[in-house]
Q: 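My questions will all concern the structure given below.
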There are 2 protein chains.
Amino acid sequence: MTTELPDVCEPRLNLRAPDVTDAVATAALLVDPIRASILRMLADGPVCVCEMAAALGARENNISNHLAKLRDAGLVHATRHETNARFLYYQRDEAVVAAARAALVDVLR
Amino acid sequence: MTTELPDVCEPRLNLRAPDVTDAVATAALLVDPIRASILRMLADGPVCVCEMAAALGARENNISNHLAKLRDAGLVHATRHETNARFLYYQRDEAVVAAARAALVDVLR
DNA sequence: GCGATGCCTCAGCCCTCCGTGAGATGTTCA
DNA sequence: TGAACATCTCACGGAGGGCTGAGGCATCGC
């Protein structure tokens with residue numbers, strides 16, 4: 001990459017717009033503090049909805065709304081607890097998370 | 001990190017909320033396609049406002065509004081062209097960009 | 001079975017943010 | 001000097017997204 005300013009006085013009108021759709025979609029998920037906190041918490045292992053609600057000081061249906069968006073994006077999925085199936089434990093899909101991370105890093109690299 | 005579900009039937013109410021303020025602030029800048037495209041374009045070297053407007057198909061005052069937010073965040077700064085001072089060339093502050101990237105990666109890692 | 005618990009979905013209100021237009025500043029050129 | 005250009009700032013109107021409450025489904029303990 002060139003850190004120099006271009007010599008020409010004429011603006012370059014042939015510059016192409018980069019493709020940032022994946023990075024923007026990921027940023028749209030991270031822009032909410034609750035969703036960002038959820039993704040960070042799940043980096044340390046599975047967490048159930050009521051645990052997230054308690055840790056983040058939010059109501060459970062609010063957490064559930066945000067989890068729906070993360071689920072639709074494929075970043076997380078839920079499994080029921082073996083001995084107490086009332087609890088839904090969420091965990092990340094690390095392959096999708098890695099792709100999302102790569103898209104963000106590509107913009108800021 | 002543990003990928004296993006916890007054995008206890010009692011939810012863990014002692015989980016702490018992570019600090020995601022820096023990542024959220026960065027995501028708030030990347031969530032707009034124009035700002036994300038600007039940051040990606042500037043990775044290849046300085047670009048002036050009219051060049052961004054032409055490449056992205058947006059009006060110059062719109063680009064300028066977005067550049068103001070990136071400037072306030074310290075991610076970019078402007079220098080006038082030496083031989084034609086009408087043109088403002090923007091470039092990234094790579095130290096700030098690296099910090100923003102690190103904050104995002106920390107949430108998704 | 002019945003109540004309590006954990007979680008989900010949906011509609012509604014509210015707030016924030018983006019694009020636009022107008023006006024202002026600074027620079028170049030004739 | 002005046003016109004054209006490049007850019008900035010601000011106020012306004014509209015669209016999108018978050019929080020809430022109500023209602024519903026599934027599971028566990030008594």
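Naming convention: chains lettered A, B, ... in sequence-line order (proteins, then strands); numbering from 1 in each chain.
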Q: Using atom NZ of B/Lys69 as one end and atom C1' of D/dT9 as the other, report the distance to the nearest whole Å.
A: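 Roughly 13 Å, once rounded to whole Å.
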Q: Is a side-chain donor or acceptor of B/Gln91 paired with a backbone partner of B/Pro46 at a separation under 3.5 angstrom?
A: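 No, the answer is negative, given that no donor and acceptor are paired below the 3.5 Å cut-off.
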Q: Quick one: on DNA chain C, does B/Arg59 or A/Leu88 contact a more 5' nucleotide (nearest heavy atom)?
A: A/Leu88
Q: Among side-chain atoms of B/His81 and B/Thr83, is any donor-acceptor pair under 3.5 angstrom?
A: yes
Q: Is the backbone of A/Ala28 close enough, under 3.5 Å, to the side chain of A/Arg35 for a donor and an acceptor to pair up by distance?
A: yes
Q: Looking only at heavy atoms, which two atoms of B/Met41 and B/Ala55 are closest? And how far apart?
A: CE-CB, 3.8 Å
Q: What is the distance from CD1 of A/Ile34 to P of D/dG17, rounded to the nearest Å?
A: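 Spelled out: CD1 on A/Ile34 to P on D/dG17 is 16 Å.
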Q: Do B/Asn65 and D/dT7 share a donor-acceptor pair, side chain to base, under 3.5 Å?
A: no
Q: CG of B/Asp32 versus P of D/dA15: gap in Å, rounded?
A: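 Value for this atom pair: 17 Å.
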Q: For the pair made of NE2 in A/His66 and P in D/dG17, what is the distance, rounded to whole Å?
A: 13 Å
Q: Is a donor on one side and an acceptor on the other found under 3.5 Å between the side chain of B/Arg92 and the backbone of A/Leu108?
A: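 A pair under 3.5 Å: yes.
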Q: Using a cutoff of under 3.5 Å, can you pull out all pairs of nitrogen or oxygen atoms linking the protein to nucleotides 28-30 of chain D, with atom names and distances?
A:
{"from": "D/dC28", "atom 1": "OP1", "to": "A/Ala85", "atom 2": "N", "distance (Å)": "2.9"}
{"from": "D/dC28", "atom 1": "O4'", "to": "A/Arg86", "atom 2": "NE", "distance (Å)": "3.4"}

Q: Return the set of residues passing salt bridge (charged side-chain N to carboxylate O under 4.0 Å, His left out) with B/Asp19 (not counting sequence neighbours), or none when no residue passes.
A: none
Q: Take atom CG of B/Asn62 and atom P of D/dT7, then tell me their distance rounded to the nearest Å.
A: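 After rounding, the reported distance stands at 14 Å.
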Q: Taking 4.0 Å as the cut-off, does a side-chain nitrogen or oxygen of B/Arg80 come that near to OP1 or OP2 on D/dC8?
A: no
Q: Do you know the tightest heavy-atom contact between B/Glu60 and B/Ala53?
A: CG-CB, 3.6 Å
Q: When we call it a touch if two heavy atoms are under 4.0 Å apart, what does B/Asn61 touch: a base, just sugar-phosphate, or nothing?
A: base
Q: Taking B/Leu29 as the starting point, is it possible to reach A/Val107 by hopping between hydrophobic residues whose side chains are less than 4.5 Å apart?
A: yes
Q: Determine whether B/Leu39 and B/Leu30 make a side-chain contact, defined as any pair of heavy atoms from C-beta on separated by less than 4.5 Å.
A: yes
Q: D/dT7 P sits how many Å from B/Arg71 CZ, rounded?
A: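 Distance, rounded to whole Å: 12 Å.
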Q: Of all nucleotides in DNA chain C with an atom under 4.0 Å from a non-hydrogen atom of chain B, which is the first and which the last going 5' to 3'?
A: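 Nucleotide range in contact with chain B: C/dC18 to C/dT28.
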